[in-house]
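The next block holds one structure in the form of structure tokens; read it before the comments.
Note that ligands are numbered from 1 as they come in the structure, with each ligand's atoms numbered from 1 the same way. We're numbering straight along the sequence, starting at 1.
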Amino acid sequence: MKIEAITLRELQLPLKHFFETSFGRTTSRRVLLVTVHCEGVEGWAECVAGEGPFFSYEWIDTAWATIRDFLAPALVGKHLGQATEAATLMSKVRGHNMAKAALENALWDAEAQQKQLPLWKLLGGTQKEITCGVSIGIQDSHDQLIKKIETELAAGYQRIKIKVKPGWDLEVLAKIRRQWPGILLSCDANSAYRPHDLEHLRKFDDFNLLMIEQPLWDDDIFQHSKLQPELKTSICLDESIRHKRDAEEAIELGACRIINIKVGRVGGFTEAIALHDLCQRHDIPVWCGGMLETGVGRAHNVALSTLPNFRLPGDVSASQRYWTEDIVEPEIEVSAHGTIPIKDVPGTGYELRKDLIARLTVQSEQC
Ligand code: OSB
Ligand code: MG
């Protein structure tokens with residue numbers, strides 16, 4: 001597989017509803033799509049970097065520049081036997097995992113098409129149906145949040161995750177539990193708390209949560225390892241896990257009992273699979289996180305979620321929760337019992353809407 005060229009595109013897409021976390025509110029996405037051109041096959045992927053350096057230091061403009069100036073030059077003109085070889089070619093660049101993941105995943109997409117294999121099988125997936133949850137942002141009022149939860153439960157989603165921060169946490173969780181004592185419920189702090197909040201965090205134990213995601217600093221493992229034994233609630237790490245080695249450290253130190261895998265955060269499918277396998281060996285359940293993706297990134301999350309240790313419902317939900325019109329066909333749809341059945345067709349099973357992509361593109365560059 002020769003990498004002949006790489007195309008970068010920025011699309012602008014308004015979200016149907018704003019998405020707010022402890023680090024801020026997003027109302028519209030700047031989406032970076034990457035296309036690799038390999039001997040008649042086009043592989044596509046989405047870079048999950050956000051609009052600003054808030055979830056991580058990466059954001060769309062650093063990803064774009066890092067791909068154009070360093071990562072694409074390391075790949076263009078090279079012959080690869082398999083997409084996984086791209087990781088080594090890009091390893092000279094430190095970090096910038098979301099930029100690397102976009103390129104590597106586009107190559108996996110190309111490899112699946114070239115081999116006429118379903119991407120999920122190429123990744124080593126085994127599950128023919130995946131289970132879905134939703135991530136619900138901080139709202140303007142408690143009532144608005146309760147209404148959203150009602151809607152998502154009625155749609156069949158198997159797990160509700162709410163975003164929390166100081167001032168939007170215990171009271172909200174208490175209200176939800178009063179109305180729905182038995183649902184699978186979790187929360188995500190996106191690093192909003194500190195170790196001195198221990199007594200406050202202990203109160204989360206009253207709500208029988210499936211997990212609390214990333215309570216402390218985004219780059220911390222050690223303080224989480226001191227917090228976890230103090231709580232009944234399982235800690236799940238998201239931001240802190242940048243690669244398999246971080247997970248090894250977190251597991252050995254007892255910093256969490258669950259890990260969220262985001263393929264962009266860990267630098268691509270190769271590392272995501274290695275991380276998945278490590279967690280499976282240590283009996284740490286994983287689930288697939290989301291980054292407000294369009295259908296391109298979402299289809300890749302669906303494929304990854306078929307690996308056997310994805311044992312908890314992921315933040316992999318229907319296109320129509322985010323977009324008036326998604327850029328793939330069919331859109332990602334979730335069944336009435338909160339699952340996505342997996343298609344046994346070559347590639348991702350979702351076609352690109354190239355006309356719509358062209359209309360939404362605000363800048364593009366060939367590398
Ligand atoms: O922490 O999981 C997170 C969105 C943007 C940045 C970080 C996170 C999220 C989500 C949304 O929770 C998940 C989704 O629905 O895509
Ligand atoms: Mg998270």
Using the six-membered ring of W59, assess whether NZ or CZ of R30 lies under 6.0 Å from its centre and within 45 degrees of the ring axis.
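Here R30 fails the 6.0 Å and 45° test against W59.
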So does E213 have any N/O/S atom less than 2.8 Å away from the Mg ion (ligand 2)?
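Yes.
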Output yes if D188 passes the N/O/S-under-2.8 Å test against the Mg ion (ligand 2); output no otherwise.
yes
Side chains of Q12 and S28: donor-acceptor distance under 3.5 Å anywhere?
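Distance-only check fails for Q12 and S28.
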Mode of [X] contact toward ligand 1 - side chain, backbone, both, neither (heavy atoms, under 4.0 Å):
X: K163; value: side chain
X: K161; value: side chain
X: T26; value: neither
X: V134; value: neither
X: T21; value: neither

Would [X] end up clustered with [Y] when hydrophobic side chains under 4.5 Å apart are linked, directly or stepwise?
X: F70; Y: Y57; answer: no
X: F19; Y: V316; answer: yes
X: I6; Y: V48; answer: no
X: F269; Y: F310; answer: yes

pair T66-K100: side-chain heavy atoms closer than 4.5 Å:
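Heavy-atom side-chain distance check fails, nothing below 4.5 Å.
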If you compare A189, S135, G137 by their heavy atoms, the one closest to atom 12 (O) of ligand 1 turns out to be S135
Give the single entry among M291, E213, K262 that approaches atom 3 (C) of ligand 1 most closely by any heavy atom.
K262
Identify which one of R257, E213, Q228 satisfies the side chain to side chain donor-acceptor pair (under 3.5 Å) criterion when paired with S234.
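Per the side chain to side chain donor-acceptor pair (under 3.5 Å) rule, the option paired with S234 is R257, out of R257, E213, Q228.
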Checking the N or O distance criterion of under 3.5 Å, is ligand 1 in contact with R298?
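Between R298 and ligand 1 (N or O atoms, distance only) the closest approach is not under 3.5 Å.
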Which residue supplies the protein heavy atom nearest to [atom], what is that atom called, and how far is it?
atom: atom 4 (C) of ligand 1; result: F19 CE2, 3.6 Å
atom: atom 1 (O) of ligand 1; result: N190 ND2, 2.8 Å
atom: atom 13 (C) of ligand 1; result: G290 O, 3.4 Å
atom: atom 16 (O) of ligand 1; result: L292 N, 2.9 Å

Backbone N/O of G349 and side chain of K343: donor-acceptor pair under 3.5 Å
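At least one qualifying donor-acceptor pair exists.
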With heavy atoms of Y322 as the reference, note each atom of ligand 1 found under 4.0 Å away.
14 (C), 15 (O), 16 (O)
Considering only heavy atoms of D238, which atoms of ligand 1 have at least one such atom less than 4.0 Å away?
1 (O), 2 (O), 3 (C)
Which atom of D238 approaches the Mg ion (ligand 2) most closely (N/O/S)
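Closest to the Mg ion (ligand 2) among those atoms: OD2.
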Between D344 and K121, is there a salt bridge with N-O shorter than 4.0 Å?
yes
Please check if the distance between the ring centroids of H300 and W108 is under 6.0 Å.
no
